[in-house]
Amino acid sequence: MFRRRTALSVSATAALLVAAPLLAACGGAAHPGAAAIVDGKRITVSQLQAKVKDVRAAQAEDPQGSQLVMNTGRLSLATLNGMIFDEVLARSAKDAGVTVSRADVQRWRAEAERQAGGAERLQAMWLQQGIAPDEIDTMVRNQLLLDGVAQHLGADRGKPQGQQKLARALAKTSRSMGIDVNPRFGKWDDRQVILGETKEPWITPASAKEQV
């Protein structure tokens, strides 16, 4: 998931950690069948499992599939983190009046593919980060929404002060959404806008060279 100060960026989602089992049935009377509840909206275990399965299926078809699986061992945690963050970002963008059109996504992706060396190369780069090919447009949209929210706030994401300003705004939105994660999957941190041990709080831009 090209820094936007100089060119377009290929974002990577929150960094994926090592070795953990795939999803088991959700427990806990407060979360029957739910991995998390965000602003009253349920993210179900079945939705989470479907996304994890999608990534694993794509990785299985890759010549480096075994290595990809090993490098994305805690895929369920990272995926749930992304699903919750998507909701926080969507609310932040809505509050800021930021919208992204289909044409915006297509233009950004076309340039990203050009800089990456083609559509297949871009898909391979994202798959290394645990993102299935059919999720790339969603990640592109999120990158553009995040950039739009930062611009609305007057926050330069290339500078620490700008990153902190954006982080505070996202944290405020997160707190307002009453995010409740099933303990089986960890605990949501409103201050950092992350789930459990997930390393990065939000989408981190990286150049095509850095992704190779």
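FYI, side chains are in, hydrogens and waters are out, and symmetry mates aren't considered; it's all heavy atoms of this structure.
The CG atom of Asp180 lies 11.5 Å from the CD1 atom of Ile43; values are rounded to the nearest 0.5 Å. Atom CE of Met83 is separated from atom OG1 of Thr138 by 11.0 Å, given to the nearest 0.5 angstrom. In this structure, the separation between CG on Asn182 and CD1 on Ile37 is 9.0 Å, given to the nearest 0.5 Å. Note that CD of Gln123 is 9.5 Å distant from CG of Asp134, once rounded to the nearest 0.5 Å. Between atom OG of residue Ser92 and atom CE of residue Met177 there is a gap of 7.5 Å, rounded to the nearest 0.5 Å. Note that CZ of Arg168 and CD of Gln164 are 6.5 Å apart. Values are rounded to the nearest 0.5 Å.
If you check the side chains of Asp104 and Ser101, you find a donor sitting under 3.5 Å from an acceptor.
Judged by distance alone, the side chain of Thr44 and the main-chain N or O of Gln47 form a donor-acceptor pair under 3.5 Å. Looking at Asn81, its side chain does come within 3.5 Å of a backbone N or O of Leu195 through a donor-acceptor pair.
Two residues are said to be in side-chain contact when any heavy atoms from C-beta on lie closer than 4.5 Å; Val69 and Arg56 meet this criterion. Between Val88 and Ile179, some side-chain heavy-atom pair lies under the 4.5 Å cut-off. Within the 4.5 Å cutoff, the side chain of Glu113 has heavy atoms near those of the Arg109 side chain. Under the 4.5 Å side-chain criterion, counting only non-hydrogen atoms from C-beta, Phe185 is in contact with Leu48. Side-chain contact between Leu146 and Leu170: present, with at least one pair of heavy atoms (C-beta onward) separated by less than 4.5 Å. For the pair Lys51 and Glu135, the minimum side-chain heavy-atom distance is below 4.5 Å.
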* To do: Walk me through it: do Gln128 and Asn71 pass the test side chain to side chain contact (heavy atoms under 4.5 Å, CB included)?
  => CA-CA 8 Å; Gln128 292 172 11; Asn71 291 344; over 6 Å; no
* Go through Gln59 and Leu127 one step at a time and tell me if the side chain to side chain contact (heavy atoms under 4.5 Å, CB included) criterion holds. => CA-CA 7 Å; Gln59 290 177 335; Leu127 195 58; 3.7 Å; yes
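Every residue meeting the salt bridge (Lys or Arg N to Asp or Glu O under 4.0 Å) condition with Asp39, not counting sequence neighbours, appears here in chain and number order: Arg91. Asp54 pairs by the side chain to side chain donor-acceptor pair (under 3.5 Å) definition with nothing, not counting sequence neighbours. Remark: Arg114 engages Glu111 in a side chain to side chain contact (heavy atoms under 4.5 Å, CB included) (not counting sequence neighbours).
In this structure, Gln106 places its CD atom where more than 12 heavy-atom neighbours from other residues, nucleotides or ligands lie under 6.0 Å away.
Salt-bridge check for Arg102 with Asp137: passed, with a basic side-chain N closer than 4.0 Å to an acidic carboxylate O.
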